[in-house]
Every structure is written in C-alpha cells, then in structure tokens.
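Down below is the structure, laid out as structure tokens.
Residues take their numbers from the sequence shown, with the count starting at 1.
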Amino acid sequence: ENLEISNVPTTKVTLTGLDQLSLNEMISDALCLYPRVTKSLSDIVFQKTKGSPFFVLEFMESLLSRGLLQYDSGQKRWFWSEDKILAEEITGNVLHLLSSKMNGLSEDIQLLLKVMACFGTSTNELVISYLSESPEYLGVRQGLAGAVSDGYVEVNAEGKFMFVHDKVREAAYNLIPDREKKQFHFSLGKTLYSLCEGKDVGDTIFLIASQINHGKELIEKDDALCIPVAKLNMKAGKMALDGCDHKTAYFYFRAAVSLLPHDSWKSDYDLTLRLNFMVARSANSSCKYDDAELTLKIIYEKARSLEDKLPAYELTVEMFLAQGHMGEAYTTCSSILTQLGETVPEAVSPETVGALVKKTLKRYTEVYGDEWLGKKMKDTTLCYTMKFYTLIATATYFSKSLHMVAYFIGKAVQLSLQHGVCICTPRALMIITSFAIRLDNAAFLRGIAENALILSEKLVSSEEMAEVRLYFWRGVGQLDSYQLGAAQLRKCFVTSLSFGNAKLAFYCAGQGTQFSIISAEKGLGSLLKEIDYYLHLLETYKNQMAKNCLLCYRETVSALIDKGRTTSIQAKLSFEDVNDPGKKPLLEMFYFHQVYRNYWLGYSERCQHYIQKYCELLQPRLFESYIIKFYHGLQAFDVIRKTKCYSKMVEVDEIIADLRVAASHVNSNFMNKVELLEAEKCGIHYKHYEALTSYEAAIESARKNKFTHEQGLACEKAGFYCKSMNDNEKASTYFNQARECYEKWGSSMKLEFVQRELHKLQ
C-alpha cells in the first residue's frame, strides 16, 4: 500500500491452491494415467489438502508409505482403493502427517530440526559451526546433511539453511514437548552465549539473546546470570538501533531492564541509568509514548544529578515538539537552562536581538578558521546548554515572538564561538542563517551555511545531518532551485523517520511539500498521494501541528486538481486561536495558501483579501514573501484592466523591481515571474512587440527551470493578450500550449478552463 502511495510500480501475485480440475491433471500426469481414471483419487486428495501443492505432495507420500498407493510392475500402472483410503481415516492435517514422519527420523536429524525450529524459518553456517563445537549439539552437522537429503531443509541463494515450508518448521517445533520448550530455548541460547562470548558474532546476537530470554524465570534464579544477560540484551538492542529497527531495540532494552536486580539503581547505577534511557528513547521511536513518559519519570526520580538527567530532559522536549506541545517544550527548556546557570528573559526587544545577531555574526568572521574548528568543546554541560538553546528556539518559533528565536540561537552560537565546536554547532549556525537572511546579506550567510554543512559532515550523525539540511533549505538553500530542495527534503524525511525522529521527519515532509507545491516539482496527483501517505503515518505519530500543515497543503493540491470535487476529504484544520502570537507561523502558512489557492481558482477578491492579510504580518519568510508579491502583481494588472486605474502601476513597478532583485540572487526561481510581470505591463501599455517578447521569455524561463504550472500560466496570459489584440490564431496556439502544461501538471480545473477558452475562439 505504501509503495503504491509513493508511486512505486508494483505487481500483485495472488497464490491460491490448485482447483479440482488442475489437481486431477497434476495427479494424472504424475501417475501416467488418464484424468478420468484418477478423478476419484484426486477428489479425495482435494478434500484433504484444499489443493495446496506442498500438502498434496505430503499426502501422496503418506499414501505411498502406508501402501495405500501401489505400483503394479506386472501391469505397469498405479493402483489404489478409495474405500481403503477412506476406511483408514487418514488425517487431512498435514502437520500431523509431518510430525509422524519426523518421529521416525534419526536423533541427529531430529536434533537439527528442533534447533532450527527454535531459531525460526532459517539459520546460517556460522551458527551450525558454533553449535558443532558443543558436545550437547555435536550431531547438528550430520543432522543437517540428513535434513537436506530428506527434503525438510534447503539452501537458499544466500547460503542460509531454510525449512522448505512453514508447516515443516511447525512440525519440527512440535518435536519438543510443550513443558520442555522454555528449557530447550534457554539451554540452546546459553550454549551459544558461552561459545560466542568475546567474539564479534554480528546479527547472531539477536538469535542468542532471544533464545536465552525464553528462560527468564531460570535466569532470575541465578544472580550471576542477570547482569551478563542484561548486557547481552543491551548489545542486541544497540545493534537493532544501528539498523533503525526501533521496535526490536525496544524489545531487547525492555528485556534487559527486567533482568536488573531490584536494587540496581544503587548496585549498578550507570548500567541502569543507561538502559532506562535506551528504553525511553526506543519506546518514543516506536510510538509507545506512555511507556516512554513513565520511564523518563523513573529517571527523573532515580538519577543522582542534573547532568545525569539532561539526556532524559532533552528527549522529553523532543517528544513535546514532536507532538506539538510547544508551550510545555518552552517551559521545560527554560527551566533546564536556568538550572544550567543561563538567564532566560521573558521578553527581549527586537532592537536588542538585532544587535546581538549582528555582534554574533561579526564575532564569527573573527574566529572562524582552522584554530577554532580544531577547538573541541570539552565541557559536556556546555554542549547540553547549546542543545537546549536550539530546542527552546524551536519551541519559541511556535509559542513566542519570532525575534526571540534569533535571540536564543544567537546565544547558542556565541557559546560555541567562545568555547569551541560540538555536535550542536552546525545546527546552531544553520538556524541563525535561516532567520537572519536578507537579500543584501545572502551571499555572506550562504558562506556560513556551507561551512556549517562541511562541519556537520565531520561531527554529526546522519539523523543530525538531516536536521542541518532542513534548516539549510528553510533559509539560504532557497537560493537554489525549489525542485532540488523538495527532492533532498524527501530524502531527509526518510532518514529522520528511519532513525525514529518523527518531529524532524514531518518538519522535512512539510517543507518539502511546500517546495513541491510552489515549484510543480511533482505532478499534482502524485503529490496528493504523497501527502496522504504522510497523513496516514500521522495516525500513528501524533502531531496535530504537522497534521494541520499537511491538511492545509492537501486542500491546496485538491483545489488545484479539480476544485476538490473528487479529491477533497472530510477533515478540518485545528488552528485553535489563530490570533495567538505563537500561532503566527501557522497563520502565515494559512494566508500564503489562501493567496496561492484562490489566485489559481480565479477568486480575485478573496485572493486580494489574503494578500492584504499576509502583508500585515511582521517579518514574513523572505522568499515566500516574493512569491506573494508575484501574485499581488498579477492581481494588480487584472484590476488595472478592469478599472483603468493606472495609478496602480506605481505599485506594480515596485513589485517588479523587488522581484528583479530576488531574481538576481535566484534566477531559477524568480526570473520567469519577472518576465511575466514585464509582459503584462507591456501589454497594458500597448507595446505589442515587447509584450510578446516578454511572454516568450517567461515561457522559456519557466520551461527551462521546470516550473510547469507557471509555464502554463505564461502561455495562458499570452493567449488572452493575443485574443485582446484580435489575433485568434496566435491566441489559440498559446492556449494549446497552456493546455499541455496544465495536463502535465495534473490540474483538471485549469485544463477545463483553457478548453473553454479554446472553444470560444472556435
């Protein structure tokens, strides 16, 4: 289902048993008899096996072994008696048939089958080699050869030994009496543990730990085993985390904690603290939020110092942020920073923040170099102080005034500039560039951002790298193409979710989706499926804020496709009080999409209303504000044509001048917009040649930079201009080009609109 949502081509193969006719044909071929002759036998076989090929084979072999199916060499054909078969009451339970056969096998083969059944459906040569070193399991090597020869086990392409069918494994497992199963697992795991102790056994550690864990009651009776087995489970959990398998990691960490002595917070403090934190982290990554919270509370209660509690507090804040509880996240960060000796002001004036950011960036230019890069922050408490400054900045973005975000990030960067680099340095540098960026300092801040990317490759994990890239694309990354940003953020989403960081994953999903919408990086139909996939995941990862954003994006995409006639869903946004200053980012997003959506739908007055609302916001995001200016300019030209109010040309000239400056920094994202506005301006002034030249330039620029929707818009505008000049032939050409673009974009709504215009021309 997820593959289909992500537009990955799939082929579904449904496997069913043979029908009665096909089964009779198979038995007829096997016995070299006419189908009419074998019909009575095949009916019995079908009744017992339901046509399963594997079950049919086992059932036929059972008939042969009992003498109920015999070959007469004199007549050179097979014979059977339906009455005798029915009189024998042979079971149709293939599991029983297999178990009966296995009871007659040699001890070595039975031992091998029981061992493999404990492991699951397969095992490998390494495990067989280890077990062969133990007197207790010495016969497994010989048993393996016999099991392969008898057809119970096969070797796959990867060299693993596998049961030929899951029923074979089930029958093999039934060779162990139920009352002895736990002891068998435990003895098997304990033997492997003793043989592999001190060796790098790779993922065989999962097998060893899971076998020993079956005997939890036996372990608890032996105090000498509790801590070693707990450490074994911890090692298995860490390996599962390395493979991004958070649910498996949670299982092993939880098993490890359950094996610790009752007084472990005193007798084994470091191990207990570490294991409880791992349980909390893996529980959170596995969406077991209640268990994560309970475990964190235990850490707060039992940990001996603030320093020991800091990782738990960091995880708590991350959980608050992921679930959209920004107020709780802010309060927690403020409390921890205060305990760390920092002063967290209730409010700071924009002037003070501006001076702090300016001072911080100036200091950066003074200290940046090999000496500073080689200076590592040795005090882990300072590193945590930086972490909580970056976390409180994120919470502040959604709960306080925006200039406070820059204040907290400025404080974090200053700590690093003074005391050296740590894993938080790249993130702090990237965030400050995303909030401080203006067109007049874009080149300087891009240099800082690129240095932060280089530094992050040396210092941080793939998960943390994804966060650095997110802030890159939220800021100076928009000096590159939106399409590239959408593709990279999609990768960051996958990376973040695989590491269990749902907060970061859905931030990346949201920003990437925004880029896709405004750049037509994906067709609308594909984009709608992608958004629905994110919303499906959010049924598990509870984040109302992320859900609100994605629902808003979905409403826009749905409207662009067909005005929501067939693509809308019954879901309401939950912005709570949108007049709350802390909801400003959501309000900004809401106004932006209202402008975007209503312009393309042709609702001029509504579009103009939301343009005004957006412009009233303080410090809207830099590059998105230029997109709003573009639609503002197009709206203004429509008003001028209708009302002949040429005084608005002054306003339009200012918009074009601003967009031209933006295009000088990001040609790929804005030049086609400048050309289209210039074309509209020339058309109003009856500069026919200049208008057509600018329309063609806008079309070519949009085509070159893959803004398919804006290429269609430029063609549409050119068509209307030519129509106004009574050049219907050229207008028809432009409208047909627009139709092709809108079809590629996936907008039925715009396709229908252009087709109506073509019909009018005809």
### Message
Could you report the tightest heavy-atom contact between L445 and I437, atom names first, then the distance?
### Response
CD1-CA, 3.3 Å

#### Entry: Side chains of K400 and Y330 in contact at under 4.5 Å (non-hydrogen atoms)
yes

### Task
Might you work through the salt bridge (charged side-chain N to carboxylate O under 4.0 Å, His left out) test for R597 and E555, ending with a clear yes or no?
CA-CA 9 Å; R597 190 185 306 156; E555 190 172 337; 3.3 Å; yes

### Where I432 and L429 come nearest, the two heavy atoms and their spacing
CG2-O, 3.1 Å

### Query
Quick one: are the ring centres of H688 and Y721 less than 6.0 Å apart?
yes

### Message
Under 6.0 Å between ring centres: does that hold for F720 and F735?
### Response
yes

### Query
Are R474 and S434 close enough that a side-chain donor and a side-chain acceptor fall under 3.5 Å?
no

#### Entry: Positive for ring pair (Phe, Tyr, Trp, His ring centres under 6.0 Å) with F435, one of Y407, F408, Y397
Y397

### Query
T352 and S349: side-chain donor and acceptor closer than 3.5 Å?
yes

### Query
Going by atom types only, do W473 and Q488 share a side-chain donor-acceptor pair under 3.5 Å?
yes

#### Entry: Close side-chain approach of E467 and M430, heavy atoms under 4.5 Å
no

### Query
Do we see a donor-acceptor contact under 3.5 Å between the side chains of E740 and N736?
no

### Message
Pairing donors with acceptors under 3.5 angstrom, does anything connect the side chains of Q323 and N543?
### Response
no

### Query
Which pair of heavy atoms, one from A393 and one from V405, lies closest together, and at what distance?
O-CG2, 3.6 Å

### Q478 and F515, any side-chain heavy atoms less than 4.5 Å apart
yes

### Message
Rounded to the nearest 0.5 Å, what separates atom CZ in F707 from atom CE in M671?
### Response
12.5 Å

### Task
Assess whether salt bridge (charged side-chain N to carboxylate O under 4.0 Å, His left out) is satisfied between R427 and E464, documenting all intermediate values.
CA-CA 8 Å; R427 176 170 55 176; E464 291 157 334; over 6 Å; no

### Shortest non-hydrogen contact from A702 toward E710
CB-C, 4.0 Å

### Task
Find the distance between NE2 (H609) and NZ (K613) and round it off to the nearest 0.5 Å.
5.0 Å

### Query
If we only count heavy atoms from C-beta on, is the F623 to F670 side-chain gap below 4.5 Å?
yes

### Donor-acceptor side-chain pairing of H632 and Y614 below 3.5 angstrom
no

#### Entry: Side-chain donor-acceptor pair present, T567, D562, cut-off under 3.5 Å
yes

### N/O donor-acceptor pair under 3.5 Å between Q511 side chain and L470 backbone
no

### Query
Aromatic rings Y596 and Y631: how do their planes relate, parallel, tilted or perpendicular, breaks at 30° and 60°?
perpendicular

#### Entry: Separation between CZ of R446 and CG of L479, rounded to the nearest 0.5 Å
5.5 Å

### Query
Which of parallel (below 30°), tilted (30 to 60°) and perpendicular (above 60°) describes Y591 and Y610?
tilted

### Task
Might you point out which heavy atoms bring A486 and G512 nearest each other, and give the distance in Å?
CB-O, 3.7 Å

### Chi angles and distances behind the side chain to side chain contact (heavy atoms under 4.5 Å, CB included) call for V494, F499
CA-CA 9 Å; V494 174; F499 280 102; over 6 Å; no

### Query
With distance as the sole test, does T495 use its side chain to make a donor-acceptor pair with the main-chain N or O of K491 at under 3.5 Å?
yes

### Message
Any side-chain to backbone donor/acceptor pair from H325 onto L321? Under 3.5 Å, distance only.
### Response
no

### Heavy-atom donor-acceptor pair, Q711 side chain to C741 backbone, under 3.5 Å
no

#### Entry: Heavy-atom side-chain proximity of E675 to Y695 below 4.5 angstrom
no

### Message
Distance check, rounded to the nearest 0.5 Å: S668 atom OG versus Y482 atom OH?
### Response
9.0 Å

### Message
If you define the side chain from C-beta out and look only at heavy atoms, does anything of N669 sit under 4.5 Å from D480?
### Response
no

### Task
Could you check whether the rings of Y553 and H593 sit parallel, tilted or perpendicular, using 30° and 60° as the cut-offs?
tilted

### Task
Mind checking the CD-NE2 spacing from E351 to H403? Nearest 0.5 Å is all I need.
8.5 Å

### Message
Using the rule given for side chain to side chain contact (heavy atoms under 4.5 Å, CB included), can you reason through I684 versus E680, listing the C-alpha separation, both sets of side-chain angles and the distance that settles it, and then say yes or no?
### Response
CA-CA 6 Å; I684 284 197; E680 292 282 273; 5.9 Å; no

### Query
So do the side chains of L497 and N501 get within less than 4.5 Å of each other, counting heavy atoms only?
no

### Query
Going by atom types only, do E678 and S694 share a side-chain donor-acceptor pair under 3.5 Å?
no

### Task
Answer yes or no: is there an ion pair linking D638 with R641, defined by an N-O contact shorter than 4.0 Å?
yes

### Query
Sub-3.5 Å donor-acceptor pair from the side chain of S701 to the main-chain atoms of A697, do we have one?
no

#### Entry: pair F637-L677: side-chain heavy atoms closer than 4.5 Å
yes

### Message
If we check side chain to side chain contact (heavy atoms under 4.5 Å, CB included) with L361, which of these qualifies: V413, L356, T433, I448?
### Response
I448

#### Entry: Parallel, tilted or perpendicular: ring planes of Y742 versus W600, cut at 30 and 60 degrees
perpendicular

### Check: S732 side chain, N728 main-chain N or O, donor-acceptor pair, under 3.5 Å
no

### Query
D653 pairs by salt bridge (Lys or Arg N to Asp or Glu O under 4.0 Å) with which of K681, R660, K648?
K681

### Task
Given side chain to side chain contact (heavy atoms under 4.5 Å, CB included), test M749 with E752 step by step and report yes or no.
CA-CA 5 Å; M749 175 265 298; E752 292 170 4; 5.6 Å; no

#### Entry: Heavy-atom closest pair, residues S558 and L528
N-CD1, 4.4 Å

## Note on the structure
To the nearest 0.5 Å, atom CZ of F444 lies from atom CG of N441 at 8.0 Å

### Message
Whether the side chain of S747 engages the backbone of L560 through a donor-acceptor N/O pair (distance < 3.5 Å, no angle test) should be reported.
### Response
yes

### Query
What do you reckon, is NZ of K723 surrounded by more than 12 foreign heavy atoms closer than 6.0 Å?
yes

### Ring centre gap for F493 and Y534 strictly below 6.0 Å
yes

#### Entry: Distance-only donor-acceptor check, side chains Y734 and E757, under 3.5 Å
no

### Test side chain to side chain contact (heavy atoms under 4.5 Å, CB included) applied to T396 and M326, step by step
CA-CA 8 Å; T396 300; M326 300 303 169; over 6 Å; no

#### Entry: Any donor-acceptor N or O pair under 3.5 Å, side chains E624, Q514
yes

